[in-house]
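Please read all numbers here as calculations on a predicted model, not as lab measurements. Atoms within each ligand, like the ligands themselves, are counted from 1 in listed order.
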Amino acid sequence: MKNIRAIYPGSFDPLTNGHLDLIERGSKIFDELIVAILCNAEKDAPLFSVAERMDMLEEMVRRYGNVQVDTFDGLLVDYAQRKDAKAVLRGIRAISDYEYELRMALLNRKLAPQIETVFMMPAEAYSYVSSRLVKEVCQLGGSVRDLVPDLVEQRLLEKINGTAKPRG
Ligand code: PNS
């Protein structure tokens, strides 16, 4: 019997219902799934610290017996190999995601041919949900209910209203 461990990498700043949908799908087809938060993102300054993102993710994946949360920096394929993972899971919401995801998957394959990228589609209801838009809507006073878990909505409001408690 094969025991397939997969990595679901991302920034998760913050976790959305689209991410959770993918985690649930991934947990059903892989024996083990590691949700891996990228630490050294050179993108715009994150809203949530890595510790805050980890805290929210851990809370939300507690219900799945085969899902763990971790952090990584450096190359994804190096991390995947250290974890002895055979697959990388990524979500594709719309055709606009495809080009970036294809380039990343092919470059990762060039670096580490033994690791397969597996694409899954989140439920249609989340096809337009992204962390970036969620942050923007919330910062401008719009409701993000149904787009993120309640816990994330609460932490977003705390952060934006300046009432967040320090967590890690
Ligand atoms: O959720 P995101 O921000 O789109 O995730 C992007 C992520 C973390 C998967 C990607 O930036 C990544 O793997 N970074 C690690 C560095 C790396 O391996 N870069 C080469 C990828 S081709």
Atom indices of ligand 1 within 4.0 angstrom of [X] heavy atoms, with elements:
X	result
G74	15 (C), 16 (C)
L38	8 (C), 14 (N), 15 (C)
Y100	4 (O), 6 (C)

Residue selection (non-hydrogen contact nearest atom 21 (C) of ligand 1) among L76, I37, N108, D78: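 Result: the heavy atom closest to atom 21 (C) of ligand 1 is in N108.
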Donor on one side chain, acceptor on other, Y79 and D73, under 3.5 Å: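 Side chains of Y79 and D73: no pair found under 3.5 Å.
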Side chain proximity check, L47 to K159, heavy atoms < 4.5 angstrom: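 SC-SC contact between L47 and K159 confirmed.
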Any S11 side-chain heavy atom under 4.5 Å of I37 side chain: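 Result no, sub-4.5 Å side-chain heavy-atom pair not found.
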Please work out, at 4.0 Å between heavy atoms, whether the side chain, the backbone, both, or neither of [X] comes within that distance of ligand 1.
X	value
L75	both
R90	side chain
L107	side chain

Ion pair R155/D55, N-O distance below 4.0 Å: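 Yes, R155 and D55 are salt-bridged.
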Note: R82-D78 ion pair, threshold 4.0 Å (strictly below):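 Here R82 does not pair with D78 in a salt bridge, since their nearest N and O are not under 4.0 Å apart.
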Non-neighbouring partners of N66 that pass side chain to side chain donor-acceptor pair (under 3.5 Å), sequence neighbours left out: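 With neighbours one apart ignored, the set is empty.
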